[in-house]
2 protein chains.
Amino acid sequence: MPNAQDVLFKTLADPTRRALFERLCREGEQTVGALTAQSGVSQPAVSKHLGVLRHAGLVRDRHEGRQTHYSAQPGALGPLIDWTSRMAGFWQSRFDDLEDLLKRMDQ
Amino acid sequence: MPNAQDVLFKTLADPTRRALFERLCREGEQTVGALTAQSGVSQPAVSKHLGVLRHAGLVRDRHEGRQTHYSAQPGALGPLIDWTSRMAGFWQSRFDDLEDLLKRMDQ
DNA sequence: TTCTTCAATAACCAACGGGTTATCGATCAA
DNA sequence: TTGATCGATAACCCGTTGGTTATTGAAGAA
């Protein structure tokens, strides 16, 4: 029974997959071909990774002719942010010098 | 060459390991025995997970007689928060670009 | 139509990772 | 000293996973 954090952590744990997501966040919508060109792995590998990302809700696809455009859905990072905040919160309730961490979360 | 996010995501991707970290965040310092009792896996498995968490800087250990106490170091979550903020930031900046573009088209 | 291109799927393989049991060193108890 | 307990390590097993090549279907191009 995988919860939201589970899926997100597992999905983002792979460097190649995380790099794809990062690229989509940085540069916006991309075709599979464009993503493959810079990924260092084969097109089927990219397609598989994109499928996993889509399953986690981190990207969406848009078909246009014979090419597929993928784009990031950073809203899906919500559960990750929640989990991290919760962990930091537990810690904060027991200790005080958390300012550095909180500052980073603030921006 | 694994960067900080890489180590953190990989470390937290396993549910058993994440549960151990969560428990240490919630309840503070615990011995290996106490953690094992509620973990659902064997003591060697728990020791291995704690080793991985320690390597990622997420926990520290304190030896006292023949037992070892572990505690969470949530400050180590920093790079995770940084990464998430950065991704959300890219999203935001592209959104701003779009807004900017639409504004310019408006005039 | 025929040929090419794009991306998804199939089939397969090797490596990794998380689990186990067995064991060992170290510490406390008798 | 002897025996029990705590936790780390070793050795091993097996399922998962990330990669590959080959192939397929769909959509332009000629």
Side-chain angles (χ1 to χ4, degrees), chain A residues 1-3 5-24 27-73, chain B residues 1-3 5-24 27-73:
Chain A
M1 16 201 103
N3 52 22
Q5 306 111 28
D6 213 334
V7 173
L8 286 178
F9 274 115
K10 272 197 160 47
T11 300
L12 294 170
D14 180 74
T16 306
R17 196 153 52 222
R18 200 169 61 253
L20 286 170
F21 178 71
E22 283 191 38
R23 180 138 179 247
L24 290 173
E27 305 173 18
E29 193 180 74
Q30 309 267 331
T31 67
V32 176
L35 291 169
T36 300
Q38 298 285 339
S39 68
V41 296
S42 65
Q43 174 265 312
V46 170
S47 277
K48 259 203 244 179
H49 282 306
L50 290 170
V52 175
L53 286 167
R54 185 165 46 77
H55 230 82
L58 287 164
V59 303
R60 46 187 294 268
D61 56 348
R62 180 175 69 80
H63 298 279
E64 184 181 322
R66 58 183 164 172
Q67 43 196 9
T68 310
H69 299 257
Y70 281 87
S71 54
Q73 295 283 102
Chain B
M1 15 207 96
N3 53 20
Q5 307 112 28
D6 213 331
V7 172
L8 286 178
F9 273 115
K10 271 198 160 49
T11 300
L12 294 170
D14 180 73
T16 306
R17 195 153 53 220
R18 201 169 59 251
L20 286 171
F21 178 70
E22 283 192 38
R23 180 138 178 248
L24 290 174
E27 307 173 16
E29 192 180 75
Q30 309 266 332
T31 67
V32 175
L35 291 169
T36 300
Q38 298 285 339
S39 68
V41 295
S42 66
Q43 174 267 311
V46 171
S47 276
K48 258 203 247 180
H49 283 306
L50 290 171
V52 175
L53 286 166
R54 186 164 46 78
H55 229 83
L58 286 164
V59 302
R60 46 187 294 266
D61 57 348
R62 180 174 68 82
H63 298 279
E64 183 180 324
R66 56 181 167 174
Q67 43 196 8
T68 311
H69 300 258
Y70 281 87
S71 53
Q73 295 282 101

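Lettering of chains follows the sequences in order, A, B, ..., and the numbering in each one begins at 1. Just so you know, these numbers use all the heavy atoms, side chains as well, and skip hydrogens, waters and symmetry mates.
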Go through residues 37-50 of chain A and report each residue with a non-hydrogen atom lying under 4.0 Å from DNA chain D, sorted by number.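 Those residues whose heavy atoms fall under 4.0 Å from DNA chain D, taken from residues 37-50 of chain A in numerical order, are A:Val41, A:Ser42, A:Pro44, A:Ala45, A:Lys48, A:His49.
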
Sequence neighbours left out, what passes side-chain hydrogen bond (donor to acceptor under 3.5 Å, both in side chains) with [X]? Give chain and number order.
X       : value
B:Thr68 : B:His63
A:Gln73 : none
A:Arg60 : none

Partners meeting side chain to side chain contact (heavy atoms under 4.5 Å, CB included) with [X] (sequence neighbours left out):
X       : value
A:Arg66 : none
B:Ala37 : none
B:Gln30 : B:Arg23, B:Leu24, B:Glu27, B:Ala34, B:Leu35

Nucleotides bounding contact with chain A, strand DNA chain D, heavy-atom threshold 4.0 Å: D:dG18 to D:dG28

Using atom types as modelled, flag every donor-acceptor pair under 3.5 Å from a side chain in residues 43-55 of chain A to any protein atom, sequence neighbours excluded.
unit_1  : atom_1 : unit_2  : atom_2 : d
A:Gln43 : NE2    : A:Ser47 : OG     : 3.1
A:His49 : ND1    : A:Arg17 : NH1    : 3.3

Show the distances under 3.5 angstrom between N or O atoms of the protein and N or O atoms of nucleotides 26-30 of chain C.
unit_1 : atom_1 : unit_2  : atom_2 : d
C:dT27 : O2     : B:Arg66 : NH1    : 3.3

Counting any heavy atom closer than 4.0 Å, what does A:Thr36 reach on the DNA or RNA strands: base, sugar-phosphate only, or nothing?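 Answer is nothing: A:Thr36 stays at 4.0 Å or more from every strand.
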
Scan for salt bridge (Lys or Arg N to Asp or Glu O under 4.0 Å) pairs involving residues 33-46 of chain B, sequence neighbours excluded, and state none if there are none.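 Salt bridge (Lys or Arg N to Asp or Glu O under 4.0 Å) check on residues 33-46 of chain B returns no pairs.
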
